[in-house]
Amino acid sequence: MEDTPMDEGNLALETPASNVFVPPSIHRAATLRGETYTHFSPVPPSLRATTPTSTSNTTDSQQPAGVPCALGVDEAGRGPVLGPMVYGIFYLPLPLSDPLLKTTHHFDDSKVLKPEVRSSLMQTLCTPSTDLHASCGWAISSLSARDIGAHMLKPANTGSYNLNAQAMDATIELIRGVFARGVNVKEIYVDTIGQPAAYQKRLERVFPTAQVTVAKKADSLYPCVSAASVCAKVTRDAALEVLYEARAASGTKGAGGGDGAEGDEEEVDEEQSWGSGYPADPKCSAWLRRNMHPVFGWGPECRFSWGTAKDMLESKGGVKVEWPVDEDESNSRLTDFFMSSDREQDADELGTWFGTPAGLEAF
Amino acid sequence: MLEARLQQANVLKKTVDAIKDLVQDCNFDCNDSGIALQAMDNSHVALVSMLLKAETFQPYRCDRNIALGVNLVSLTKVLRAAQPDDVLTMKAEDAPDSLNILFESSENDRITEYDLKLMDIDQEHLGIPDTEYAATISMPSAEFKRICTDLMAMSESVTIEATKDGVKFSCTGDIGNGAVTLRNHQVEEKPKENIEIELTEPVSLTFSLKYLVNFCKAQALSDSVRICLSNEVPLLVEYLVSGQSYLRFYLAPKIGDEE
């Protein structure tokens, strides 16, 4: 995985705000176990197809479709070595897209929005009685660091499963989930991973009824993609926070003395935090170095398939592991046939190589 | 002290190339009659036995028995710097912690010198009993390599069957099966292409092709190869380096239900 260099400004944007809003899309237990999961927000009643139960004779024909919706897809946390990669989708009625998101709430690319702004937008979205909550739905898929690593590190001959393939499958699963919940998705906007054309073809085949647009920088072009990126980003930020707290808690417990003054602990936390989780972030690499177990490396928060992690574990301080050779049951061993001959026993080739002792008869 | 001068660096280059994928670290045991090496691969299925007799070197001097513990990957790196026709000299003290290797170009006066760090390797030596093999096959080394690589495409293992009719290399894989049969073949004008089969009793054994293909890297050392088989005994594949110097590979047979 390429470690993209990053300047100070970017790092600040990537570092989660402290006290980030913890959205309902954080499944704490699953996150801590390092599991991959998906979360769907309830579909706003206004988007639901009018249920066919009220009318009697539409059973065989199609269900009346709900309000036509636009759906945006974006990801967060593709590059970091720590934490999950989160895919977010966001959908709302087509005509609302511009006025509600852009004009009223100023959604923009989550990389442009400050962490605090992202967090508060997400909070609004999750608060009943707000206009966002009333007319918009969203979902996320959190691909855990553990699973990303496990898929990427599969031996090539058993079919390795790279990040792009994992991402595409997560996206498709999310959109399918929205369709399954009865939302009438008419337009799909996706921020690209790799080649837009190929990706667009694939999505068009899977979702023939929707108009699919895959574009670079879609998150700054289409408001629903911006909103999706906020969902993804805030979920990732919060997940990182949850993972970090768990780590820090176990750390202090292990250290023994745990009840210093509040202020002190805050400072220590700040100093030892893992920052943005990007390999280029010095905080992150310092944290990795400090917290590496020589055999097992790190916990489920770490993507072991990342170069940074791999190098550190394999060459810088990690214990060198000698993996046993594959035991091939069907092959016999040479040691079954040839005896160890460190003592010169028989007069065989190698036994006599260094000469046999001259017996008494020589004198 | 050891001093061994080899007229062609190539001999050592090719030898090390042939074994470096089977063995990582091993001792070069030096005494007054030459330099020997014996090592098993990690899985203890294959064994390399090399002997470079004193006559292969000009001059050769070794006062005391010395074990040179060498990492073959490192040695390969050093030998890569030698031209095939360079004169190669190895020197070591009596209790050495490094091996001095010198290449002299025969064309110009270029001299290259390396000191390779040595290590202590605790290695067990296996006694290889003298065996009267039931079948001994001499054939062009390129032919043996071709058979092994061709069959490797089909299967992981090969059954070598020697009868009075000839020797048959056969394998069965997922896509089907294949076999190559060779017979005695001697043409005076082209002795290099001769195939000679000496048989005292019929033999049939199965071996892992992965190892055989690995052995075939020694093809560069010699035009011909000798393959010796006896039932329920490891296979011997021998390449003659020059005179009585040789590179031998032993391979334990597969066990079980091939038939």
Side-chain angles (χ1 to χ4, degrees), chain A residues 153-161 294-297 304 307 309-363, chain B residues 22 24 29-51 53 62 64-67 122-131 156-157 205-211 230-236 244 246 248-258:
Chain A
L153 293 172
K154 263 191 193 173
N157 55 7
T158 61
S160 73
Y161 185 30
V295 176
F296 301 108
F304 283 69
K310 247 194 282 185
D311 289 351
M312 219 178 270
L313 192 55
E314 278 169 11
S315 55
K316 295 173 195 145
V319 174
K320 188 166 177 279
V321 179
E322 278 182 24
W323 299 102
V325 275
D326 275 345
E327 295 282 318
D328 185 357
E329 290 294 319
S330 65
N331 218 113
S332 58
R333 303 291 170 80
L334 276 167
T335 38
D336 302 341
F337 303 94
F338 301 155
M339 301 298 278
S340 183
S341 74
D342 280 341
R343 309 273 145 273
E344 296 114 307
Q345 304 156 330
D346 305 320
D348 60 52
E349 270 178 328
L350 283 149
T352 53
W353 179 245
F354 294 108
T356 38
L360 278 176
E361 57 272 62
F363 300 101
Chain B
L22 276 173
Q24 285 80 46
D29 294 313
C30 313
N31 72 2
D32 59 358
S33 58
I35 301 178
L37 173 156
Q38 194 209 57
M40 269 188 291
D41 82 307
N42 280 336
S43 58
H44 290 195
V45 168
L47 178 133
V48 186
S49 170
M50 178 204 81
L51 173 59
K53 296 280 265 184
C62 183
R64 294 247 174 88
N65 294 352
I66 306 174
D122 192 20
Q123 217 169 20
E124 65 172 328
H125 273 268
L126 294 186
I128 302 167
D130 266 332
T131 307
E156 286 179 354
S157 51
L205 287 163
T206 303
F207 300 98
S208 160
L209 273 167
K210 183 178 75 179
Y211 289 97
S230 273
N231 281 321
E232 286 166 44
V233 161
L235 162 88
L236 165 61
Q244 286 182 288
Y246 58 76
R248 290 178 180 164
F249 298 97
Y250 293 88
L251 180 61
K254 290 225 169 202
I255 32 180
D257 44 275
E258 292 86 27

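The chains referred to below are lettered A, B, ... by the order of the sequence lines, with proteins before strands, and numbering in each begins at 1. Atom set for the values below is all heavy atoms of this structure, side chains included, hydrogens, waters and symmetry mates excluded.
- The minimum heavy-atom distance linking B/P253 with A/N331 is given by the pair O-ND2, 3.3 Å.
- Across all non-hydrogen atoms, the minimal contact from A/R333 to B/A252 is C-CB, 3.7 Å.
- Nearest heavy atoms, B/V45 versus A/S332: CG2-O, 3.9 Å.
- Ring pair A/F337/B/Y250: centre-to-centre distance not below 6.0 Å.
- One distance of note links CG of B/D41 with CG of A/L334; it measures 8.0 Å at 0.5 Å rounding.
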